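One structure is given below, encoded as structure tokens.
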Amino acid sequence: MAVRASLFFLFLLLCSLLAAALYEDQVGIADWHQKYIGKTKQAVFHTQKAGRKRVVVATEENVIASLDLRSGDIYWRHVLGKNDPVDQIGITLGKYVVTLSSEGSVLRAWNLPDGQMSWETSLEVLKPSKSLLYVPANAGVEKDNLILVYGGGCLHAISSVDGEVAWKKEFSLEGFNVQGISQPLGGSIIYIVGFTSNSQVVVNKVNAKTGELLNHNSVAYPRGLSGEALQVSSDLLVALDAARSSLVTINFQASDISFHHMAISNLVQKSFVTVSLLPLNVNGMFAAKVDSTVVIARVKDTGELKVTEKINDPSCVSDAILLTEGQEAFAMVQHADNRIHLSIRVNNDIATEILKESISVDPQRGHAQKIFINNYVRTDRSHGFRALIVMEDHSLLLVQQGAIVWSREDGLASIVDSTVSELPVEKVGVSVAKVEENLLEWLKGHMLKLKGTLMLASAEDVATIQGMRLKNSEKNKMTRDHNGFRKLVIVLTKAGKVLALHTGDGRIIWSVLLPSLRESDVCDSPIALNIYQWHVPHHHAMDENPSLLIVGKCGQSSDAPGVLSVVDSYTGKELNSIMLAHSIAQVIPLPFTDSNEQRLHLIIDRNSYGHLYPRTPDSINIFLREMSSIYWYSVDAEKSMIRGHALKGKCDLDSADEYCFSSKELWSIIFPSESEKIATIATRKMNEVVHTQAKVNVDHDVMYKYISKNMVFAATVSPKASGEIGSATPEEASLVAYLIDAVTGRILHRVTHQGAQGPIHAVVSENWVVYHYFNLRAHRYEMSVIEIYDQSRAVNKDVWKLILGKHNLTSPITSYSRPEVVVKTQTYFFTHSVKAVAVTATAKGITSKQVLIGTIGDQVLALDKRFLDPRRTLNPSQAEKEEGIIPLTDTLPIIPQSYSTHSHQVEGLRDIVTIPTKLESTTLVFSYGVDLFFTRIAPSRTYDSLTEDFSYALLLITIIALVAAIIVTWILSEKKELREKWR
């Protein structure tokens, strides 16, 4: 009976949670969803007369997508995931999109109209190598054509109809890298040409029908080859020599392999520093970029090179497309004065531009990086061209007839960090609420809402109500609201672009491509790292705008110099930029501000020196007063080590810098490398608010949460279990979870999960940690929770002392005093794999917490923290039920209505950000990956406000009815009393 009662109680609780779901017409009112694809790296046009005109693209976010050429909208797309990178794409049989991915090991065919996968073939790869996809240019619709794929030392011939492997040929030559595959038109021989590690040119002739090796030929090039080459025709290859000073022409279809080389300095008639080959795909021609000049050269039958054109400072060159038999065209883009200069040239007259257009572009998009062209026939039978241009900020433009037809802000698919900024306060004299146009419209609107409440509204009425809500909504205003819902979400993308998104509808308020994070002679290969709050003016400083600190570095190495940029939060204007003389290993935002309300930041470089910013006398004075209380930790995953640090004094460098400080190592934890490898580190948010430290149990006993912000969660796994799930046996795998004090290095708690494996995702909040992993023994995912309490405050357990104020909670606490902690843990099965974990945040920390889980299905599940309470028991007492403790079950429930993303998918989900509002009941949630999704949730429902669809008309009618009823009953009562008196 007790078990039935517990299950009935759990059923009632789930029903109460289901009641918090949204109605269909409420979706989209407080949330928005934006779809992106990422930076395009390959594109194939499909513009046949029958069917829709579209372009199929492959992106750096491993997305395959079909875009409408008229609007840029997505017809269909597939996100393959980070472990399945797209190598090449093509179109075969006029109806299939063919994609090669995972270093040539997976070939797929997608139906062109709807994106459904027609077939998939897994190919054997012997070793990692460059992969090549060869789709015959004369692939007709009426017959089966063999698709050639080289990867991992094997050449496969695959049927384009069903994906069956027709034949396979292995090339076991050590260090052999294929540079080109060609098949003469109508021929039965396939030529596979490549280089070996010792600069030998190898040519293999293979029977196209059987895969039989017909001939093998190899010749060593005496000057050596760099490995960079281009196939310029069916029998010619152009390569750079080992010194990258000469161009080598290789004729490989003749009986003997022949070479012809030419010094690049003779080709360009000047000295040079850098050179690279550009794919042009014009028969018998190629392009080379020599410093800032692009040289277009023709290869003669004898192998000699002839320069046909030199173009200074072009941004990019397209592949050639076939116009008519023997005539090919390609495009080139140049920049000048915020304009794109697009020119089209043909192979038989390179010097003449058959089309030249100048298009004005937003300077915040940067320079063009790639261009893909397509031609069409105009009504006068002449050729017209459309160009798909990939910009420096990863945006995508379609240009046609001298104008931008459409643009896509696909840089938002590669967000690396985000923060939030408040909107400006509404000026005096401007109404906070919009005034209704007239009384008739007001009455009409509320009567429709009343019909909706009484379930009398038709489908047209519901649509009208939805439109009125969106029209009259104040969520899109550019000022703060009294609930704190309207904010700016500031995001930093991989391209170094900063964008401000309005939380009301997700529109872009401003964007800036930071000059300090663009590739230049000063900063080579810039990388955007993080974004922080820099200047947050006090509420009385109405004339000051907040600002942000953008952190980046110049180069991939750990000792690359850093870059700082300060940006205005309201306008996007770059206020200041600093090229640092030191590297950036860690950025520590400090809880101090100077007299200008600029937040202090301590930047730790590779040599563990600390550098203070902003570099002002006021900031250094504040920092010196607080320096003794600044601690931090660093993680060295390669050495399986965590170190604790503190500041020691001024730097002992040759250059005198008063803003530079040396550090000292306080402690270190070295995990045994043969049994443990660091997998995950998690800490509390520095701005998290805890409402109360005391927690009263059902027996009126007081427990005190251990809420130190210096607590670090670290999870390690056995080295054999550090790979994919299944890479280790249950006996070999183990997971160890640690709670560590970052000031002293003391291990507060340690727990081992035998037979467990990553990936591990964890979140820390208040005094608890929730982490997710895979149990190899049970073959299921699990979520564990650890709650830690401070037992050293046992003298304050008396509730009456708390009420009367006779406690010592205000006594100072130090991490150096050894705490007596009590830990409660519990583990539950969980159905899904997880991509990200977060926790809701509110202004005062009063509202119940929800754990936000980014599932493998790219949705965000809001799980009540009560389900992860370690005090759950199978048969809770009546007092525990009153406290809200749920009966214990072995599996955490998945409630469909608890998905905060509703039916949407945030493709490629990477992170979930929670933002408190002024309403204690409500949390803003921003999820990003390839897509963006924003919503607001109320973990304990909106107990402190009325809902937006509250029917004021129904309330008014109810009040009028009550007043009328009171008057009528008063009159009747008076009449009754009068009659009784006459008796």
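As the structure is a computational prediction, the values presented were derived from the model and not from experiment.
Among residues two or more places apart in sequence or in another chain, the side-chain contact (heavy atoms from CB on, under 4.5 Å) test is passed with P279 by L230, D319. Residues passing the side chain to side chain donor-acceptor pair (under 3.5 Å) test with N266: none are found, sequence neighbours excluded. With sequence neighbours left out, the disulfide bond (SG atoms under 2.5 Å apart) criterion links C523 to C554. Checked against ring pair (Phe, Tyr, Trp, His ring centres under 6.0 Å), F385 has no partners two or more places apart in sequence or in another chain. For A320, the side-chain contact (heavy atoms from CB on, under 4.5 Å) partners at least two apart in sequence or on another chain are V282, E328, F330.
Side chains of N374 and I321 form no contact here, defined as non-hydrogen atoms less than 4.5 Å apart. Residues C316 and Q369 are not in side-chain contact: their nearest non-hydrogen atoms beyond the backbone lie 4.5 Å or more apart. Two residues are said to be in side-chain contact when any heavy atoms from C-beta on lie closer than 4.5 Å; E228 and R244 meet this criterion. A heavy-atom distance below 4.5 Å is found between the side chains of I264 and L240. You'll find the side chain of R518 reaches within 4.5 Å of the side chain of L513, heavy atoms only. Looking at I37 and L67, their side chains come closer than 4.5 Å, going by heavy atoms from C-beta outward. Side-chain contact between L155 and Y150: present, with at least one pair of heavy atoms (C-beta onward) separated by less than 4.5 Å. Within the 4.5 Å cutoff, the side chain of L133 has heavy atoms near those of the L107 side chain.
E574 and S565 share a donor-acceptor pair across their side chains, judged by distance under 3.5 Å alone. Under the 3.5 Å distance criterion, with hydrogens and angles disregarded, no donor-acceptor pair is assigned to the side chains of Q231 and Y191. At a cut-off of 3.5 Å, with distance as the only test, a side-chain donor of S101 or D84 sits close to an acceptor on the other residue.
For the pair E60 and K494, the salt-bridge criterion is not met [side-chain N within less than 4.0 Å of a carboxylate O]. With salt bridges taken as basic N to acidic carboxylate O contacts below 4.0 Å, one links D410 and R408. Salt bridge status for E61 with R77: absent, with no side-chain N to carboxylate O gap under 4.0 Å.
Going from atom CG of L514 over to atom CG of D393 covers 11.5 Å, rounded to the nearest 0.5 Å. The distance from atom CD of Q179 to atom NZ of K130, rounded to the nearest 0.5 Å, is 4.5 Å.
Heavy-atom contacts from other residues, nucleotides or ligands closer than 6.0 Å to CG of N348 number more than 12. Atom NZ of K310 is surrounded by more than 12 heavy atoms from other residues, nucleotides or ligands within 6.0 Å.
Side-chain atoms of K41 come within 3.5 Å of backbone N or O of V86 as a donor-acceptor pair. Without hydrogens or angle criteria, S71 side chain to D68 main chain gives no donor-acceptor distance under 3.5 Å.
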For residues 287-299, dump all side-chain donor-acceptor pairs below 3.5 Å to protein atoms at least two apart in sequence or in another chain.
{"residue": "D291", "atom": "OD1", "partner": "V273", "partner atom": "N", "Å": "3.0"}
{"residue": "D291", "atom": "OD1", "partner": "T274", "partner atom": "N", "Å": "2.9"}
{"residue": "D291", "atom": "OD1", "partner": "T274", "partner atom": "OG1", "Å": "3.4"}
{"residue": "D291", "atom": "OD2", "partner": "V273", "partner atom": "N", "Å": "3.3"}
{"residue": "S292", "atom": "OG", "partner": "D313", "partner atom": "OD1", "Å": "3.4"}
{"residue": "T293", "atom": "OG1", "partner": "N312", "partner atom": "OD1", "Å": "3.2"}
{"residue": "R298", "atom": "NH2", "partner": "N347", "partner atom": "O", "Å": "2.7"}

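Ring orientation note: the planes of F259 and Y221 are tilted relative to one another, at an angle of 30° to 60°.
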